[in-house]
There are 2 protein chains.
Amino acid sequence: MDLQRYKDKIMSMLKMLLETDMKEYIQLVSLKKNDFLVKEGEVCHYYYFVLEGILRNYYIKNGTEITTNFDFPNDIAANFTSLMLQQKSIGCIQAMTDCKIYRMKASDFDKIKAKNPSMQQIKEILISGYVILLEERLYSLQFCTAAERYHFMMEEYPYFIQQIPLTYIASYLGISLETLSRIRAKY
Amino acid sequence: MDLQRYKDKIMSMLKMLLETDMKEYIQLVSLKKNDFLVKEGEVCHYYYFVLEGILRNYYIKNGTEITTNFDFPNDIAANFTSLMLQQKSIGCIQAMTDCKIYRMKASDFDKIKAKNPSMQQIKEILISGYVILLEERLYSLQFCTAAERYHFMMEEYPYFIQQIPLTYIASYLGISLETLSRIRAKY
DNA sequence: CACATCATTTGATATATGTCAAATAAATCG
DNA sequence: CGATTTATTTGACATATATCAAATGATGTG
């Protein structure tokens, strides 16, 4: 079972919920470009399901923005650590384009879970999907060169390059903008 | 709520279980130095709770061992991706010293969960703890220099350095043995 | 369209880290 | 204890990547 099938499963579950009386727990949110979905220092209370648009996850270190992830349609956007631990979020999530997003409060999610045990499985899938993502990124950062990481990204997420400025991609890959540019030139 | 409190919570829950009839699901495993707890290519079916000893998680890339984690007493050892997805494990877990370990089969864990809903919370804590660990490592790999990563490790896990050969620590930090040695010399 | 702004590329150089080889130091074992 | 193996350090050099500066290209706006 790979990540894509997870996402499909979660999205189809979401659509099912929207046809039941659980839909009261789900809200549609619209964001303009550059609006924030989650801000640094706030607790992230929601799971967000991206319908349209692209978002960027980043945080500030020594005055520099460090990009940790991008969220595309059908992705789940959230600061998981903040959500799971009810801690203030270290990072923020910002819309790179206008977005349409469903959101569900984590506490409501748990209410639904109590009524509908199959939601427990969905929650585990949500978290598992995130773990897979983290492990993948960890692996690639610990043991791959900048060029390998770039090519891996191009394999797995070819749509990144079409819609995201190179500055953000460089930061996401953990390399400088110039190095990224040179890797691309050689390719 | 930090990682240490998680571990304490999980361990105390484990001890509680051992005093109920759930204890039939928990087995004590003894390992000799260099024995494997999980082997590459096998599915990881158990959660392991380390009582005594130290284990190393690693996998092979291009003929080289890549160390991804160490497990000390009170840690939960498992290949989570393998466990959660019931996939063959990419890495293995090997005892660096003689070990005593409790294990519980993931499927039994789910049985217990059905009887005892508070176990659900424990499962989420287990996974959350792992997520926190991954994020921490990701952060340090993506944006810190080798020296910063070393010092961070010394802050967070000072006992690593006392009991683990530098070769493994270097691999864990994603740097060469020689670089690690030089960082330590400057310190 | 022309200007201003932002994004990307290119060049020159500095720095961090890796690699290979050798020297020490420490641990293990008969 | 002495011999052998294993772990760690040190040196010389190669390579990858960062940094700074400038040039070029693309995009948006009045």
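Sequence lines set the chain letters: A, B, ... in the order given, protein chains first and strands last, and positions in each chain run from 1.
- Taking atom NZ of K186(B) as the reference point, atom P of dT10(D) lies 12 Å away to the nearest angstrom.
- For T179(A) and dA18(D), the shortest distance from a side-chain N or O to OP1 or OP2 is below 4.0 Å.
- As rounded to whole Å, 14 Å separates atom C1' of dG25(D) from atom CG of L177(A).
- Scanning for salt bridge (Lys or Arg N to Asp or Glu O under 4.0 Å) contacts around E124(A) gives K113(B), K123(B), with sequence neighbours left out.
- At a threshold of 4.0 angstrom between heavy atoms, the contacts of L180(B) with the nucleic acid are absent.
- The closest side-chain donor-acceptor pair between N79(B) and N57(B), if any, does not fall under 3.5 angstrom.
- dT6(D) atom P lies 11 Å from atom OH of Y168(B), rounded to whole Å.
- Chain A approaches DNA chain C within less than 4.0 angstrom (heavy atoms of the protein), and the contacting nucleotides run 5' to 3' from dT8(C) to dA12(C).
- Judged as a salt bridge (Lys or Arg N to Asp or Glu O under 4.0 Å), and not counting sequence neighbours, the contacts of K32(B) are D98(B).
- Taking the nucleotide of DNA chain D with the nearest heavy atom to each of A147(A) and E178(A), the more 5' of the two is matched to A147(A).
- Protein atom CZ of R149(A) is 11 Å distant from nucleotide atom C1' of dA16(D), rounded to whole Å.
- If you measure from atom CG of N34(A) to atom P of dG28(D), you get 13 Å, rounded to the nearest angstrom.
- Here the C1' atom of nucleotide dA16(D) and the CD1 atom of I183(A) are 10 Å apart, to the nearest Å.
- When rounded to the nearest whole Å, the span between CZ of R184(B) and P of dT8(D) equals 8 Å.
- The side-chain tip of R137(A) does not point at the ring of F152(A) from less than 6.0 angstrom away and within 45° of straight on.
- Of the two residues near DNA chain C, K33(B) and T145(B), the one whose nearest nucleotide lies more 5' is T145(B).
- A side-chain donor-acceptor contact under 3.5 Å links R149(A) to the backbone of C144(A).
- Remark: side-chain polar atoms of E42(A) are not paired, donor with acceptor, to backbone N or O of S89(A) under 3.5 angstrom.
- Under a hydrophobic-cluster definition in which Ile, Leu, Val, Met, Phe, Trp and Tyr are linked whenever side-chain heavy atoms come within less than 4.5 Å, directly or via other members, L17(B) and I125(B) are assigned to the same cluster.
- Atom CZ in R182(A) sits about 9 Å away from atom C1' in dA18(D), given to the nearest Å.
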